[in-house]
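Note: hydrogens, waters and symmetry copies are ignored here, and every other heavy atom, side chains too, is used. Counting convention: from 1, in listed order, for ligands and their atoms alike.
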Amino acid sequence: MNSIEKLIQIFSQFPGIGPRQARRFVYYLLTRANGTLDELSENIKDLKNDVVMCADCHRFFELQHKNKDYNDGHCKCKICIDQSRDHSILMIVQRDVDLESVEKNGGFNGIYFVLGGSVPIMEKEPEKRIRIKELKIFIDKKIKDGLKEIILGVNWNPEGENTADYVRKQIEPLLKNTQSTSAKLRRDEVKISHLGKGLSMGTELEYADSDTLKNALRNRS
Ligand SMILES: [Zn+2]
């Protein structure tokens, strides 16, 4: 495969990009000066060096200070380490862009978990689509730290609903089974709510405005 076809194939795998658009990207790049292309490839390389995944919420974030703590693979983002936030409320979102949108517009002061995708209807292997295993570990840890509410912050569309149903079924047993009575009491107090009620059908969190998001948060149930 030549360089043009190879790059077209890579771009075709981007979200929302088809082969025709991918081809246009490649020809666009060919018309750019060499300096621009060098800068672009440098930026792409830096992306993996400067950006890491948070060990808790699993969002991607840019490292501000490189030090030993950040290189052991267990670094946490500034939301997760912020003690002024309410760590007893956890919002589960589908993608990083959803977290950014809620963070910017929602007036939400809890913590997050990013699933990294969604579960299409009739999906046979949902566990391969989202970070469900990581979510369960995180919730289990957070229950012991006093978690009180889990908000399913999914898009208000059929795929978002399907994702929410799957997540709910997976996490509900975590809120019940336990060995000790004191831990059981704590688990029973964890409530699962849904952000969808305050959104209109078809709303994607990424594009929701500030009023819509604040309203959805207020009316969650
Ligand atoms: Zn985090």
Side-chain angles (χ1 to χ4, degrees), residues 15 43-119 126-155 160 163-164 166-168 170-172 174-175 186-187 189-196 204-208 210 213-214 216-217 220:
N43 280 343
I44 293 174
K45 263 191 249 160
D46 288 346
L47 202 58
K48 276 286 181 184
N49 294 330
D50 298 347
V51 179
V52 290
M53 187 188 275
C54 173
D56 270 1
C57 70
H58 285 71
R59 76 176 176 124
F60 291 107
F61 70 102
E62 194 136 359
L63 292 174
Q64 300 297 331
H65 312 284
K66 288 190 182 177
N67 61 30
K68 265 193 182 151
D69 296 341
Y70 285 130
N71 291 328
D72 66 358
H74 291 286
C75 44
K76 294 180 186 180
C77 73
K78 70 172 194 287
I79 296 178
C80 289
I81 57 173
D82 186 350
Q83 288 308 314
S84 71
R85 298 185 73 112
D86 187 350
H87 285 244
S88 72
I89 306 181
L90 167 69
M91 189 189 296
I92 299 172
V93 294
Q94 290 169 230
R95 299 166 304 164
D96 286 77
V97 285
D98 301 326
L99 184 154
E100 278 166 24
S101 176
V102 175
E103 196 54 21
K104 203 168 123 209
N105 300 313
F108 177 67
N109 193 40
I111 53 167
Y112 300 90
F113 185 89
V114 181
L115 293 171
S118 55
V119 181
E127 69 284 356
K128 288 191 179 158
R129 293 288 192 147
I130 57 172
R131 302 181 184 118
I132 193 72
K133 201 174 74 202
E134 293 86 344
L135 173 66
K136 287 181 183 173
I137 295 169
F138 186 54
I139 288 181
D140 216 36
K141 189 173 101 184
K142 282 287 161 185
I143 288 173
K144 289 173 194 127
D145 294 345
L147 184 68
K148 287 197 176 72
E149 183 179 353
I150 297 169
I151 306 173
L152 300 169
V154 293
N155 291 332
T163 307
Y166 174 69
V167 169
R168 189 190 281 269
Q170 292 291 315
I171 62 177
E172 263 170 356
L174 294 179
L175 310 181
R186 220 172 299 139
R187 280 165 194 264
E189 283 166 14
V190 183
K191 168 183 154 195
I192 301 179
S193 63
H194 198 304
L195 195 65
E204 295 195 14
L205 292 195
E206 182 185 356
Y207 304 113
S210 181
L213 281 173
K214 283 182 182 143
L217 263 169
R220 69 184 187 268

Excluding sequence neighbours, so at least two apart, what forms salt bridge (charged side-chain N to carboxylate O under 4.0 Å, His left out) with [X]?
X	result
Glu103	Arg85
Lys133	none
Lys141	Asp56

Answer yes or no: is there an ion pair linking Lys78 with Asp82, defined by an N-O contact shorter than 4.0 Å?
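No, Lys78 and Asp82 are not salt-bridged.
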- Query: What distance separates Phe61 CZ from Met53 CE, expressed to the nearest 0.5 Å?
  - Reply: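 Interatomic distance, Phe61 CZ to Met53 CE, rounded to 0.5 Å: 10.5 Å.
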**Message:** Rounded to the nearest 0.5 Å, what separates atom CD1 in Ile130 from atom NE2 in His58?
**Reply:**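 It comes to 12.5 Å.
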Query raised in the report: With a cut-off of 2.8 Å, how many protein N, O or S atoms neighbour the Zn ion (ligand 1)?
Result: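 Step by step: take the Zn ion (ligand 1), keep protein N, O, S below 2.8 Å, and you get 4.
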